[in-house]
**Q** 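This structure is in structure tokens; I'll ask about it shortly.
Below, chains carry the letters A, B, ... as their sequence lines are ordered, and counting in each starts from 1.
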Amino acid sequence: MENQLQIYNTLSRKKEVFIPLRSGKVGLYVCGPTVYGKAHLGHARPAVTYDLLFRYLKHIGYKVRYVRNITDVGHLANDADEGEDKIAKKARLDELEPMEVVQIYTNDYHKNMQQLNVLPPSIEPRATGHIIEQIQTVEQILAAGYAYESNGSVYFDVEKYANDYPYGELSGRKIEDLQTNTRVLDGQDEKRSPLDFAIWKKASPEHIMRWPSKWSDGFPGWHLECTAMSCKYLGDTFDIHGGGMDLTFPHHEAEIAQAKAAHGKDAVRYWMHNNMITLNGQKMGKSLGNAISLEEFFTGEHDLLEKAYNPMTIRFFMLMAHYRSTLDFSNEALQAAEKGMERLLKAVETLDKLEAKAESTVDVKSLSGKCYEAMNDDLNSPIAIAHLFDGVKMINSIADDKASISADDLEQLKSLYSTFVFDLFGLKKAEQQGGANTEAYEHAIDLLLQLRVDAKANKDWATADKIRDELAKLGFEVKDTKDGFSWELK
RNA sequence: GGUCUCUUGGCCGAGCGGCUAGGCAGCGGUCUGCAAAACCGCGUACGGCGGUUCGAAUCCGCCAGAGACCUCCA
């Protein structure tokens with residue numbers, strides 16, 4: 001019980017102490033991407049958020065099964081009944097086989113996630129790979145009496161469900177309000193109520209993604225996959241379900257209803273929702289046309305970007321804000337994050353070179369405690385980072401002989417930074433090229449700078465400055481240190 | 001229209017009734033042949049108006065502005 005993690009549960013709207021269903025084990029499900037386009041900055045938010053959660057849960061000793069799905073069918077492009085499947089639509093536009101579209105963007109997503117150093121989940125199920133499970137779930141819901149068949153499609157009976165169970169708990173919605181506010185869409189005559197949603201949809205003749213079922217040749221409803229797959233891999237009741245805030249209604253509300261209708265009990269114990277990324281104060285979203293793809297961030301090829309940003313900068317940028325706050329994108333903010341991260345990573349390097357003394361004038365234990373306290377408080381990474389920056393001062397002061405550290409404390413400090421910076425926050429140092437060529441050129445630069453040291457010893461400032469300035473022109477940053485020099489290629 | 005959330009110093013962002021995070025940028029200093037880096041110090045912000053309280057950025061009310069969801073969305 002050393003680390004008592006508290007998680008904000010959307011269901012109760014407050015922070016709750018996290019106690020898993022089965023001691024020592026955690027079942028975590030997160031809504032993954034719909035693979036019909038390039039991943040954008042918004043996709044990185046939940047990925048990084050729940051990656052942090054995944055890493056932290058493992059760090060504090062849990063065995064975690066992390067399931068994050070790939071949605072490759074079931075989301076309609078437009079209005080519920082008249083629209084067509086997103087994937088199918090994209091396939092027609094590009095004249096590709098639907099699964100080809102899915103594969104392209106799945107590969108893309110994986111690549112981006114790897115660049116962001118997001119760990120792969122334990123299981124990454126695809127909706128199309130679980131049609132049978134989804135059909136079974138439809139059958140269960142029908143058998144329980146919370147769905148009805150209409151013209152080859154099966155609809156969830158929201159009103160009947162709402163009579164027996166609370167509906168709208170998660171999103172704070174009242175069914176009466178929904179009834180008066182629901183927009184009337186075309187072709188809803190198949191439904192008994194506009195609130196009802198399809199759990200199996202009959203495919204129109206031109207619809208290319210279709211599977212046989214007893215009701216019709218069709219495809220599963222938009223919300224069903226998560227219910228079917230989370231329960232398949234994590235059980236009828238599991239610990240944590242995460243996703244973007246925009247999924248709270250109707251997606252997660254529908255999930256709750258489906259699972260309860262099918263199994264008679266609540267599936268999820270803790271609901272977590274990450275907030276949105278905004279651009280000029282407005283949500284960044286594909287449908288809003290203001291999304292910047294991750295690839296564009298990494299290459300800098302977008303009108304709004306002043307430069308290319310390292311994936312680690314994006315990651316750090318996100319960690320510097322709490323996951324439940326909106327995070328506003330700007331070049332200025334991103335560059336501030338970039339510099340801050342560099343300073344942090346540099347301090348970690350400095351830390352490796354520190355020498356222990358007999359006595360400590362710094363309080364490592366307290367620093368460590370504060371970092372864990374922040375993480376336990378609903379994954380407050382910005383607070384933890386703030387404390388790590390306090391530690392940066394500590395490290396630099398020790399390096400400057402303005403403070404000292406004992407061997408024990410030094411070990412602890414190293415372990416703290418290695419744990420937080422690399423294991424939990426998942427940051428990586430800038431890639432070193434390595435190899436024989438690199439080594440040779442590094443020695444050449446060292447040689448030049450050694451000549452500069454000699455020049456300095458002879459007070460030959462002209463030569464010394466020339467070496468430094470010329471190297472600077474080539475992109476090298478040279479710094480003098482107490483006993484020599486250091487350099488890096490910017 | 002309904003439901004909900006937010007408004008913090010030049011920028012980004014913590015904060016959840018007293019002890020006034022942190023990063024970036026800026027200013028002054030130390031160090032340095034000069035730089036760079038680092039270190040030290042500085043700037044006292046909480047949309048407006050009221051109220052509760054000994055005390056409010058933090059609680060309540062009103063007003064203003066922004067946003068989210070209600071339709072696919074991370």
Side-chain angles (χ1 to χ4, degrees), chain A residues 13 15 30-34 36-37 39-50 71 74-80 83 85-86 168 171-174 176-178 180-183 185 222 242-251 273-278 281-288 291 316-317 320-322 324-341 343-344 346-347 350 370 374 380-390 392-393 395-397 399-403 456 459-461 464-465 468-469 472 477-482 485-487:
Chain A
R13 291 166 189 262
K15 289 178 199 168
V30 172
C31 289
T34 303
Y36 69 110
H40 58 79
L41 193 62
H43 290 101
R45 187 89 194 259
V48 169
T49 298
Y50 300 109
T71 295
H75 284 267
L76 302 180
N78 236 316
D79 289 349
D85 191 284
K86 264 183 184 171
S171 54
R173 251 156 256 257
K174 294 188 180 68
E176 309 87 67
D177 295 341
L178 289 168
T180 51
N181 286 312
T182 301
R183 220 172 62 185
L185 301 170
W222 350 330
M245 259 180 198
D246 49 350
L247 297 178
T248 312
F249 190 91
H251 185 60
H273 290 95
N274 62 278
N275 215 137
M276 304 289 103
I277 302 275
T278 58
Q282 204 191 25
K283 174 178 163 180
M284 186 182 283
K286 193 175 167 67
S287 53
L288 296 167
F316 192 68
F317 174 63
M320 276 180 64
H322 186 82
R324 282 191 289 114
S325 300
T326 54
L327 176 57
D328 198 52
F329 154 80
S330 70
N331 282 286
E332 210 178 353
L334 227 37
Q335 283 163 31
E338 183 173 50
K339 288 188 182 168
M341 182 178 69
R343 198 157 86 88
L344 179 63
K346 208 164 281 177
T350 307
K370 285 176 189 167
N380 201 327
S381 54
I383 293 285
I385 288 172
H387 292 309
L388 290 178
F389 273 110
D390 285 340
V392 167
K393 282 189 185 170
I395 290 165
N396 288 329
S397 294
D400 273 12
D401 282 330
K402 285 172 180 150
K456 278 168 65 182
K459 296 199 189 295
D460 179 3
W461 309 128
D465 288 351
R468 185 177 63 198
D469 295 345
E477 186 180 82
V478 174
K479 289 177 209 156
D480 293 349
T481 60
K482 262 184 297 186
F485 53 82
S486 73
W487 63 271

**Q** Write down the distance between CZ (A/Phe249) and P (B/rU5), rounded to a whole number of angstrom.
**A**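 About 17 Å, once rounded to whole Å.
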
**Q** A/Met245 CE to B/rC6 P: how many Å, rounded?
**A**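 Atom-to-atom, A/Met245 to B/rC6, this comes out as 10 Å.
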
**Q** Out of B/rC40, B/rC12, B/rG22, which has the shortest distance to the side chain of A/Asp390?
**A**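 Given the options B/rC40, B/rC12, B/rG22, the side chain of A/Asp390 is closest to B/rG22.
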
**Q** When the P atoms of B/rG23 and B/rA35 are compared, how many Å lie between them, rounded to an integer?
**A**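 One P to the other, the span is 25 Å.
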
**Q** Which part of the nucleic acid, if any, lies within reach of A/Met276 when heavy atoms closer than 4.0 Å are counted: base, sugar-phosphate only, or nothing?
**A**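 Base, at least one base atom sits under 4.0 Å.
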
**Q** Using the C1' atom on both, measure B/rA56 against B/rG47 and round to a whole Å.
**A**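 Rounded to whole Å, the distance is 16 Å.
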
**Q** Go nucleotide by nucleotide along RNA chain B from the 5' end; which of A/Ser397 and A/Ala386 gets its closest nucleotide reached first?
**A**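 First, find each residue's nearest nucleotide; the 5'-ward one identifies A/Ala386.
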
**Q** When you compare B/rC16 with B/rC11, how far apart are their P atoms, in angstrom units rounded to a whole number?
**A**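 It works out to 23 Å between them.
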
**Q** List the protein contact pattern of nucleotides 29-37 of chain B with one symbol per nucleotide (5' to 3'): B for base contact, S for sugar-phosphate-only contact, - for none; contact means a heavy-atom distance under 4.0 Å.
**A** ----BBBBS

**Q** Could you tell me the separation between the CE atom of A/Met341 and the NZ atom of A/Lys346, rounded to the nearest 0.5 Å?
**A**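 Going from the CE atom of A/Met341 to the NZ atom of A/Lys346 covers 11.5 Å.
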
**Q** Just to be sure I understand the rule, does A/Ser287 reach a base, reach only the sugar-phosphate, or reach nothing, if contact means heavy atoms closer than 4.0 Å?
**A**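 Base contact.
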
**Q** Taking atom P of B/rG22 as reference, at what distance in whole Å does atom NZ of A/Lys370 sit?
**A**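 To the nearest whole Å, that distance equals 10 Å.
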
**Q** Can you work out whether A/Gly243 or A/Lys15 has the more 5'-proximal nearest nucleotide on RNA chain B?
**A**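 Counting from the 5' end, the first nearest nucleotide belongs to A/Lys15.
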
**Q** For a quick check of understanding: with a heavy-atom distance under 4.0 Å over all strands, which category does A/Ala333 fall into, base, sugar-phosphate or nothing?
**A**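 It contacts sugar-phosphate atoms only.
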
**Q** With heavy-atom distances below 4.5 Å as the criterion, would you say the side chains of A/Leu344 and A/Val392 are in contact?
**A**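 Counting from C-beta outward, A/Leu344 and A/Val392 do come under 4.5 Å.
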
**Q** A/Lys283 side chain: which of B/rA14, B/rA68, B/rA21 is closest?
**A**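 Looking only at side-chain atoms, A/Lys283 lies closest to B/rA68.
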
**Q** Going by the rule side chain to side chain donor-acceptor pair (under 3.5 Å), which residues pair with A/Lys456 if we only count those two or more places apart in sequence or in a different chain?
**A**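 Checked A/Lys456 against side chain to side chain donor-acceptor pair (under 3.5 Å); matches are A/Asp480.
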
**Q** For the side chain of A/Gln282, starting at C-beta, report the closest nucleotide among B/rG67, B/rG13, B/rC11.
**A**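 Side chain of A/Gln282 sits closest to B/rG67.
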
**Q** Rounded to whole angstrom, note down the P distance from B/rG9 over to B/rA45.
**A**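 Going atom to atom, P in each nucleotide, I get 10 Å.
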
**Q** Indicate whether OP1 or OP2 belonging to B/rC11 is found under 4.0 Å from a side-chain N or O atom of A/Asn331.
**A**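 Looking at the OP1 and OP2 atoms of B/rC11, neither is under 4.0 Å from any side-chain N or O of A/Asn331.
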
**Q** If the condition is side chain to side chain donor-acceptor pair (under 3.5 Å), which residues does A/Lys283 pass it with, not counting sequence neighbours?
**A**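 Result, side chain to side chain donor-acceptor pair (under 3.5 Å) vs A/Lys283: A/Asp246.
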
**Q** Under the 3.5 angstrom rule, does the side chain of A/His43 hit a backbone N or O of A/His40 as a donor-acceptor pair?
**A**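 Indeed, once roles are kept as given, a pair shorter than 3.5 Å links the two residues.
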
**Q** Rounded to the Å, how far apart are A/Phe329 CZ and B/rG13 P?
**A**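 In whole Å, B/rG13 P lies 12 Å from A/Phe329 CZ.
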
**Q** Base, sugar-phosphate alone, or nothing: which one does A/Leu334 contact when heavy atoms must sit under 4.0 Å apart?
**A**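 It contacts nothing in the nucleic acid.
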
**Q** Can you tell me how far the CG atom of A/Asn380 sits from the CZ atom of A/Arg324, to the nearest 0.5 Å?
**A**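 Going from CG on A/Asn380 over to CZ on A/Arg324, the span is 9.0 Å.
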
**Q** Rounded off to whole Å, could you give me the CG-to-P distance for the A/Asn275 and B/rC4 pair?
**A**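 The distance from CG of A/Asn275 to P of B/rC4 comes to 17 Å, rounded to the nearest Å.
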
**Q** Do A/Arg45 and A/Met276 make a side-chain contact, defined as non-hydrogen atoms from C-beta onward lying under 4.5 Å apart?
**A**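 A/Arg45 does not reach A/Met276 side chain to side chain.
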
**Q** Between B/rG10 and B/rG26, how far apart are the P atoms? Round to whole Å, please.
**A**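 So the two P atoms sit 15 Å from each other.
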
**Q** From A/Asp400 CG over to A/Lys393 NZ, what is the distance, rounded to the nearest 0.5 angstrom?
**A**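 It comes to 13.5 Å.
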
**Q** Check every atom of B/rG67, B/rA14, B/rG13 against the side chain of A/Ile383 and return the nucleotide holding the closest atom.
**A**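 Looking only at side-chain atoms, A/Ile383 lies closest to B/rA14.
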
**Q** Rounded to the Å, how far apart are A/Arg324 CZ and B/rC4 P?
**A**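 After rounding, the gap between these two atoms is 18 Å.
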
**Q** Using the C1' atoms only, state how far B/rG22 lies from B/rA14, rounded to an integer number of Å.
**A**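 Between the two C1' atoms, the distance is 7 Å.
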
**Q** Which nucleotide in the set B/rA14, B/rC39, B/rC70 lies at the smallest distance from any side-chain heavy atom of A/Asn396?
**A**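 Taking heavy atoms from C-beta onward, the closest nucleotide is B/rC39.
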
**Q** Would you give the length of the straight line joining atom OG1 of A/Thr34 to atom NZ of A/Lys286, rounded to the nearest 0.5 angstrom?
**A**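 Result: 10.5 Å between the selected atoms.
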
**Q** Calculate the interatomic distance between A/Asn380 atom CG and B/rG22 atom C1'; express it in whole Å.
**A**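 Distance, rounded to whole Å: 11 Å.
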
**Q** State which of B/rC69, B/rG23, B/rG13 makes the closest approach to the side chain of A/Arg173.
**A**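 Side chain of A/Arg173 sits closest to B/rC69.
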
**Q** Among all residues two or more places apart in sequence or in another chain, which pass the side chain to side chain donor-acceptor pair (under 3.5 Å) test with A/Asp390?
**A**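 By the side chain to side chain donor-acceptor pair (under 3.5 Å) rule, A/Asp390 matches no residue at all.
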
**Q** What contact category does A/Gln335 fall into here, base, sugar-phosphate, or nothing, at under 4.0 angstrom with non-hydrogen atoms?
**A**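 No contact at all - A/Gln335 keeps every heavy atom at 4.0 Å or more from the nucleic acid.
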
**Q** Using the side-chain contact (heavy atoms from CB on, under 4.5 Å) rule, pick out the option among A/Asn274, A/Asn275, A/Ile277 that qualifies with A/Leu327.
**A**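 Of all the options given, the one that passes is A/Ile277.
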
**Q** Within less than 4.0 Å of OP1 or OP2 of B/rA14, is there a side-chain N or O belonging to A/Ser325?
**A**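 Yes, A/Ser325 has a side-chain N/O under 4.0 Å of OP1/OP2 on B/rA14.
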
**Q** For the side chain of A/Lys393, counting heavy atoms from C-beta on, which of B/rC70, B/rC39, B/rA14 is nearest?
**A**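 Taking heavy atoms from C-beta onward, the closest nucleotide is B/rC39.
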
**Q** With C1' as the reference atom in both, quote the distance from B/rG13 to B/rC49 in angstrom, rounded to an integer.
**A**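 Pairwise C1' distance, B/rG13 against B/rC49, rounds to 27 Å.
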
**Q** Need one value for A/His40: base, sugar-phosphate or nothing, where a base atom within 4.0 Å counts as base even if backbone is also close, heavy atoms only.
**A**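 Counting heavy atoms under 4.0 Å across all strands, the contact made by A/His40 includes a base.
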
**Q** Counting the atoms with a prime plus P, OP1 and OP2 as sugar-phosphate, which does A/Gly42 contact under 4.0 Å by heavy atoms, base, sugar-phosphate, or nothing?
**A**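 Result for A/Gly42 = base.
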
**Q** Sticking with atom P, work out how far B/rC34 lies from B/rG29, rounded to a whole angstrom.
**A**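 The same atom, P, in both gives a distance of 14 Å.
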
**Q** According to the Watson-Crick and G-U wobble definition with distances under 3.5 Å, which dot-bracket string, read 5' to 3', encodes RNA chain B, using [ ] for crossing pairs and | for pairs with another strand?
**A** ((((((((.[[[..)..(...]]].(((((.......)))))....[[[[[..)....]]]]])))))))....

**Q** How long is the line joining CD of A/Glu332 and C1' of B/rG10, in whole Å?
**A**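 Rounding to the nearest Å, CD of A/Glu332 and C1' of B/rG10 are 8 Å apart.
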
**Q** For A/Lys402, check side chain to side chain donor-acceptor pair (under 3.5 Å) against everything at least two apart and list the hits.
**A**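 Partners of A/Lys402 under the side chain to side chain donor-acceptor pair (under 3.5 Å) test: none.
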
